[in-house]
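Report on the structure given below.
Here is how names work: the chains are called A, B, and so on, in the same order as the sequence lines, proteins then strands, and each is numbered from 1.
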Amino acid sequence: MNNTSTTYIPESFDKHSFQQDLINWYQSIRRELPWRENQDPYRIWVSEIMLQQTRVDTVIPYFNQFMERFPTVKDLANADEQDVLKAWEGLGYYSRARNLHTAVKEVVATYDGQIPSESSELKKLKGIGPYTLGAIMSIAFDEPIPAVDGNVMRVMSRIFEMYDNIADQKSKKKFEQVVEAVISKEDPSSFNQGLMELGALICSPKKPKCNECPVSYYCTAFSKGIQEELPVKTKAKKQRTIAYFAMVIEADGQYLIQKRPAQGLLANLWQFPLVEQAEFPKDEAIHYIELEYGLNLEMIHEGKQVKHVFSHVIWVVYPIFCRVSDGDISTDHGQFVTLEDMDQYPLSKVQHKIKQQIATT
DNA sequence: AAGCCGGGGCG
DNA sequence: CGCCCAGGCTT
């Protein structure tokens, strides 16, 4: 069985014309984005990490603030992780920020702050996988290395009528081989970005705008009218739901928040204490916190239920507003801070939704 | 290979 | 509400 790219690329495919048409189109519609001002590898790197699983419009303000706060590799390397997470607050996938921070410190320690332009070195850095490696190498260093993301797999699956399941990790290697075979050596940066832009703007998952496509001439799926059938992708498993009580504990205008564990969901972010409803009914949850945290509490009122959908789990959180009844706020399960001071701590969206309910009461 | 890891936008 | 998105790490 022949698994090489030649299996997919027809004899009639005119690689050079394809490259020209794609690149010309990209140059004509190319947007001026903050990370496209120059070829600074640091800016390209940060942007590519932020753009993982995240749309351009969402990233723009985060990128600008991040660059203002951490203008250089060394600035970021010297920063506290809490400050890096604070800059990432709301973007999600916080391990991206922690890995980037780790990698940048590695660049300072091992490469004297100079981001390596050798792909074998770059690939060693935390958080730089096959896609990001290709993106940085092509955009910052003009090296013809494939940068295959979800967009590119969709585009390629249609142009070359590939039925590989894009949810399957091993399919990615096939797509990389195909891109490898057709990538422009003259302008790999525009070529790679053109493919991604095409996937984002024209070759969309549903109802692709084939009449506006600069490379529809080369597209096998379009010629057969089967563009909506591709790519093949198996469905993700449904998330399980976990129900929590969020204990909003107030004492003299201050509220108890605590740092989440260094591993797992929302690692190292801060939260109002959570109690799983499966473990404690409502009345027992307060009593549990009193015993465990060494606080005396009285309930004030119940809040409005907050639902939050993550990638693999759904949280339903029911806020319970309490007050410390005896003025003794000593506990080793977090710290009491004012709402104003809370702005210094990285909180997830869920926690912000709960915090919002304090302001309105 | 499968599971884990956020949040937002869109039909 | 389901699906998708400029993915990578861990197990």
Side-chain angles (χ1 to χ4, degrees), chain A residues 26 31 33-36 44-63 85 88-100 102-103 122-136 138-140 146-155 165-173 175-176 179 189 192-201 203-208 228 231 233-242 260-269 271 306-315 346-353:
Chain A
Y26 173 69
R31 290 171 287 179
L33 297 170
W35 48 89
R36 288 180 179 165
I44 307 291
W45 181 9
V46 171
S47 74
E48 289 301 337
I49 300 297
M50 285 188 171
L51 285 162
Q52 289 171 10
Q53 304 292 309
T54 312
R55 287 179 173 75
V56 169
D57 290 339
T58 305
V59 167
I60 291 172
Y62 281 92
F63 179 83
L85 285 175
W88 211 270
E89 182 184 65
L91 252 192
Y93 283 129
Y94 298 93
S95 65
R96 293 184 296 175
R98 298 190 295 130
N99 289 340
L100 174 62
T102 300
L122 203 53
K123 194 171 168 44
K124 293 178 189 166
L125 296 172
K126 199 91 165 166
I128 297 186
Y131 163 76
T132 309
L133 179 71
I136 297 174
S138 60
I139 299 170
V148 174
D149 65 353
N151 281 319
V152 173
M153 285 194 282
R154 184 171 58 257
V155 171
N165 177 10
I166 65 169
D168 194 338
Q169 280 182 245
K170 66 176 188 291
S171 300
K172 189 167 197 171
K173 288 202 172 76
F175 286 100
E176 283 167 355
V179 174
S189 173
N192 278 345
Q193 292 185 80
L195 278 184
M196 291 187 270
E197 204 84 338
L198 190 64
L201 301 180
C203 198
S204 43
K206 290 171 184 171
K207 299 191 190 303
E228 302 247 30
K233 186 180 184 183
T234 53
K235 287 179 178 145
K237 269 176 54 180
K238 282 181 99 177
Q239 307 99 318
R240 70 182 191 283
T241 299
I242 307 180
R260 291 177 58 82
Q263 304 286 329
L265 189 63
L266 304 173
N268 285 353
L269 274 69
Q271 66 178 12
V306 170
K307 181 180 178 180
H308 196 83
V309 179
F310 296 96
S311 309
H312 290 270
V313 68
I314 297 173
W315 279 10
L347 303 179
S348 72
K349 285 287 175 184
V350 194
Q351 300 300 328
H352 273 290
K353 289 180 195 169

Kindly say whether the aromatic ring centers of Tyr62(A) and Trp88(A) come within a distance under 6.0 Å.
no
Where chain A begins and ends its contact with DNA chain B, read 5' to 3' at 4.0 Å from heavy atoms:
dA1(B) to dG8(B)
Sequence neighbours excluded, which residues qualify as side chain to side chain donor-acceptor pair (under 3.5 Å) partners of Asn151(A)?
Arg154(A)
ring-ring contact (aromatic ring centres under 6.0 Å, His included) filter on Trp45(A), not counting sequence neighbours, yields none
Within this structure, what is the CG-to-C1' distance between Leu198(A) and dA6(C), rounded to whole angstrom?
14 Å
For Lys307(A), which residues count as a side chain to side chain donor-acceptor pair (under 3.5 Å) partner, sequence neighbours excluded?
none
Taking CZ from Arg31(A) and C1' from dA6(C), how many angstroms apart are they, rounded to a whole number?
11 Å
With Tyr93(A) via side chain to side chain donor-acceptor pair (under 3.5 Å) - residues at least two apart
Ser311(A)
Taking any heavy-atom pair under 4.0 Å as a contact, classify Thr58(A): base, sugar-phosphate, or nothing.
nothing
Please measure how far the C1' atom in dG8(C) lies from the corresponding atom in dG9(B), and state the result in whole Å.
23 Å
Base, sugar-phosphate, or nothing for Ala267(A), non-hydrogen atoms under 4.0 angstrom?
nothing
Would you indicate what Asn99(A) reaches in the nucleic acid, counting non-hydrogen atoms under 4.0 angstrom: base, sugar-phosphate, or nothing?
sugar-phosphate
To the nearest angstrom, the CD-P distance between Gln263(A) and dT10(C) comes to 9 Å
Just call it for Lys353(A): base, sugar-phosphate, or nothing, with non-hydrogen atoms closer than 4.0 Å on any strand.
nothing
Can you name the residues that form a ring-ring contact (aromatic ring centres under 6.0 Å, His included) with His308(A), not counting sequence neighbours?
Phe310(A)
What's Ser204(A) touching, base or sugar-phosphate or nothing? Going by heavy atoms closer than 4.0 Å.
nothing
Which part of the nucleic acid, if any, lies within reach of Gly199(A) when heavy atoms closer than 4.0 Å are counted: base, sugar-phosphate only, or nothing?
nothing
Charged N-O contact under 4.0 Å between Glu176(A) and Lys170(A)
no
Write down the distance between NZ (Lys126(A)) and P (dG7(C)), rounded to a whole number of angstrom.
19 Å
Sugar-phosphate only, base, or nothing, as touched by Leu266(A) at under 4.0 Å among non-hydrogen atoms
sugar-phosphate
Please give, in whole Å, the distance from dG8(C) P to Glu48(A) CD?
10 Å
Any base atoms under 4.0 Å from Ser311(A), or only sugar-phosphate, or nothing? Heavy atoms, all strands.
base
Describe the nucleic acid contact of Arg260(A) in one word from base, sugar-phosphate, nothing, applying a heavy-atom distance below 4.0 Å.
nothing
Pick base, sugar-phosphate or nothing for Ser47(A), based on heavy-atom distances below 4.0 Å to the nucleic acid.
nothing
Does Gln193(A) reach a base, just sugar-phosphate, or nothing at all? Heavy atoms under 4.0 Å.
nothing
Figure out the CZ/C1' separation between Arg98(A) and dT10(C), and round it to whole Å.
12 Å
Spacing between Trp88(A) atom CH2 and dG7(C) atom P, to the nearest angstrom
13 Å
Going by atom types only, do Arg96(A) and Thr54(A) share a side-chain donor-acceptor pair under 3.5 Å?
yes
